Amino acid sequence: MAKKELDEDLLTGGNLSSGKDKNAKASQKKSKNNQKSSVSIAPKTKKIIQSTVAVVIVVALLVTYVATGAVRKGFIASLSIPAQYFTGLTVSNGEDSKAKIKVSTYNFYFATTYNTMQSQKQQYSQYNIDPAQMGLDVDFDQPLSKQTYTDSETKEEMTWAEHLHNMVVDSIENTYTYYLAAVAENNGEEPEITDEQKAELEDTISQYRETANGYGYTLSGYLVKAMGKGVTESVFRTETTRQYIAQNYKNSISESNAEKEYTAEDLNNYKSEHESDLMTVDAKFFECSNEDDAKAFADELKADGSNFADLAVKYASSDFYKTAYEDEGYTTELGVTRSTLQNKGYAIAAADEHTHEEGEEHSDDEELVYSGLDWLFSSDRKAGDIKQYSTSVVYVISPATISERKTINVRHILIAPVTDDENTAATDATTEQWNTAYNQAKEVLDKFNAGDRTEDSFTALVADNSTDTGSAENGGLYENVVPGQMVNSFSYWCFENGRKAGDTAIVKSDYGYHIMYFVGENDQSVWQYTAQQALATEDSQSAGEKLEEAYTIKENWFGSRYFEKDVDIDA
């Protein structure tokens, strides 16, 4: 696994008890830290492929446009005065908050939205996901104006050029809604973006300027050539900054709701209405390479489950896992919900096979059947039940219940094995490299044990030793951790019976050795914390929807004549 992916995947509840190739599983990411929910976007904007901030605009795509000459219709080397001055759209709340959107701003969003669509389609293909099933049945090597798009909800037909235009307009409306609200709340002045965002923007500008100079362009001339008429350095800076401001304001709404205190009655009402979502099980899971192995595994499994780890070693798909599965934490899930198991990619948690009518797309609100999970969470389950479902083998430790386990806080130091190539996954490291990592972890833990063994002394060791950049700056701390949030072996250690504040250990995962320090349990049970987060999300969504309903966007006929509309692949 590439180093850049490590921060994303390290402490998510990935399916580490699988004998299959992990890269073949497209498992949904969970929040890595406090799990504060972000503002939910109103339904009308859920279909938008979000325009992204400057750092996500792929430099390589911009280079391609300039190097090959495959530029959009109407692209010219000049800075295009009409695009800089003509108003193409107006976003307003009908009262005292209004923004006139220049044609150059539209062109900026056109480029970012188009590039994001291309990137998403490439990612789907990499993970063997049919782009058509995800609503991206578009050929970027053909003019968008010659291809038909059908809206999955309204069944309305239009060209892909028209659909892209609608996405661009929706994205502008969404960004400027939150931007204008942020300005209004700040007494009419633009709020400052964070120092990190400023540095990110400057770094991106610097990279683009270097690339532009390499092609003999000024930065503004390069951006115009790559992104459209009027998209100069000034426009790029302005629009990226406003995207940051909008996102920061969305986050502030979430953070405000996350800090709300809900009454016991509120939490209990949520519990009664979402009981099935809060039910959890303790079980052992193993994902075999094929169904025949899964059937053999289940046949050999003892009624008390005592040989589960031995069988996992026997049916492991690689030398690494033959060693890793000796630790029962690798195959044990404590206190996991239906949704957690779905996110981890177990076959027993997959939706039953179903088909779509020709031309019908997959929908997020589609009603699916999960027979495997229905079995696992049934009231008929009892400890000791065994199930072989497709390639999954499951041994029930404790049947479904609403657990009173508490959320926990934990610190860790990750010592990843150093491989010859930074793109080599830790699971492909040699035995010698893993042994070296273990010895380093033991040295760090010995140093901690030789001191006063306090949380502060553990925290002091994190910055100089941990390779988990996602938590190193925070002293290796993860707060309000819930079962299944972290990788299996990590989570198992945290939620083992008898765990107490100050406990330490060295735990192995797919990413290296974790030197653990258990900070302690929190006051809320997992279900209470989950209910509170869900209620906060609902309140954030309501606030977002109310704000989005207050703002509308209007197209200026004359200015819109200068919008970028399509891609001229024959240029």
Side-chain angles (χ1 to χ4, degrees), residues 13-28 124 126-130 133 281-333 336-356 362 366-378 380-397 399-400 425 427-428 484 487-489 492 510:
N15 181 5
L16 298 184
S17 58
S18 170
K20 294 183 176 180
D21 178 6
K22 307 302 179 295
N23 293 328
K25 296 183 180 296
S27 57
Q28 180 178 338
Y124 290 146
Q126 288 173 0
Y127 286 98
N128 297 318
I129 299 172
D130 182 4
Q133 289 295 316
V281 298
D282 293 353
K284 294 179 182 294
F285 292 84
F286 187 79
E287 198 69 24
C288 291
S289 298
N290 55 68
E291 287 196 26
D292 288 341
D293 281 355
K295 290 174 182 177
F297 188 117
D299 289 342
E300 297 173 51
L301 183 58
K302 294 179 180 178
D304 63 0
S306 59
N307 63 334
F308 198 97
D310 293 336
L311 291 173
V313 171
K314 177 179 178 179
Y315 288 96
S317 62
S318 70
D319 290 340
F320 171 83
Y321 288 108
K322 286 184 182 299
T323 301
Y325 289 146
E326 293 175 356
D327 177 0
E328 66 175 322
Y330 251 85
T331 54
T332 305
E333 299 275 13
V336 286
T337 63
R338 292 174 66 105
S339 61
T340 297
L341 294 173
Q342 287 173 315
N343 292 342
K344 292 193 172 191
Y346 293 110
I348 196 170
D352 292 1
E353 289 188 7
H354 61 288
T355 59
H356 294 100
H362 172 76
E366 184 177 348
E367 289 291 334
L368 300 176
V369 176
Y370 295 87
S371 298
L373 290 178
D374 291 343
W375 175 88
L376 181 58
F377 284 84
S378 168
D380 294 333
R381 291 288 64 74
K382 59 184 183 298
D385 281 353
I386 296 172
K387 180 74 170 179
Q388 177 264 320
Y389 185 96
S390 183
T391 53
S392 293
V393 180
V394 180
Y395 178 87
V396 178
I397 299 173
T427 53
D428 294 325
V487 292
N488 285 22
S489 51
Y492 178 77
D510 281 21

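For the numbers below, each heavy atom of this structure counts, side chains included, while hydrogens, waters and symmetry mates do not. These numbers come from a predicted model, not from an experiment. One-based numbering along the sequence shown.
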Stepwise side-chain contact (heavy atoms from CB on, under 4.5 Å) check, D310 with V313: CA-CA 5 Å; D310 293 336; V313 171; 5.6 Å; no
Verdict with reasoning, D352 to L368, per side-chain contact (heavy atoms from CB on, under 4.5 Å): CA-CA 7 Å; D352 292 1; L368 300 176; over 6 Å; no
Test log, rule side-chain contact (heavy atoms from CB on, under 4.5 Å), inputs V396 and L376: CA-CA 8 Å; V396 178; L376 181 58; 3.9 Å; yes
side-chain contact (heavy atoms from CB on, under 4.5 Å) between V393 and Y395, worked out: CA-CA 7 Å; V393 180; Y395 178 87; over 6 Å; no
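Residue T337 comes nearest to T340 through the heavy atom pair OG1-OG1, 3.0 Å, listed as atom of the first residue, atom of the second, then distance. Taking each heavy atom of A296 and Y315 in turn, the nearest pair found is CB-OH, 3.2 Å. Between Q342 and L373, the shortest heavy-atom distance links the atoms CG-CD1, 3.6 Å. Taking all atoms of both residues into account, the shortest heavy-atom contact from S390 to A294 is O-CB, 3.4 Å.
R381 is listed as a side-chain neighbour of W375, based on a closest heavy-atom distance under 4.5 Å. Looking at F377 and V281, their side chains come closer than 4.5 Å, going by heavy atoms from C-beta outward. When side chains are defined from C-beta on, S371 counts as touching Y389, because their heavy atoms get closer than 4.5 Å. Contact annotation: the side chain of I348 never approaches that of Y370 to less than 4.5 Å [non-hydrogen atoms, C-beta and beyond].
Side-chain atoms of Y330 and D510 include a donor-acceptor pair closer than 3.5 Å. Using modelled atom types, one finds a donor on one side chain and an acceptor on the other under 3.5 Å when comparing E287 with S392. Counting only N and O atoms by type, the side chains of E326 and Y321 include no donor and acceptor under 3.5 Å apart.
To the nearest 0.5 angstrom, L341 atom CG is 6.0 Å from E333 atom CD. Here the OG1-OH distance, from T323 to Y325, works out to 11.5 Å after rounding to the nearest 0.5 Å. Taken from OH in Y492 to OG1 in T331, the straight-line distance is 8.5 Å, to the nearest 0.5 Å. With rounding to the nearest 0.5 angstrom, the CG atom of D293 is 10.5 Å from the OG atom of S317. Here CD1 of I386 is found 11.5 Å from CD of Q388. Values are rounded to the nearest 0.5 Å. Atom-to-atom distance recorded for N488:CG and T332:OG1 is 8.0 Å, nearest 0.5 angstrom.
Between K322 and D319 no salt bridge is recorded (no basic side-chain N to carboxylate O distance below 4.0 Å).
Contacts of D327 classified as salt bridge (charged side-chain N to carboxylate O under 4.0 Å, His left out), with partners at least two apart in sequence or in another chain: none. Under the salt bridge (charged side-chain N to carboxylate O under 4.0 Å, His left out) criterion, E328 pairs with K284, sequence neighbours left out. Scored by the salt bridge (charged side-chain N to carboxylate O under 4.0 Å, His left out) test, D374 finds R338 as partners (sequence neighbours excluded).
For an aromatic pair to be called close, the ring centres must be under 6.0 Å apart, and F297 with F308 satisfies this.
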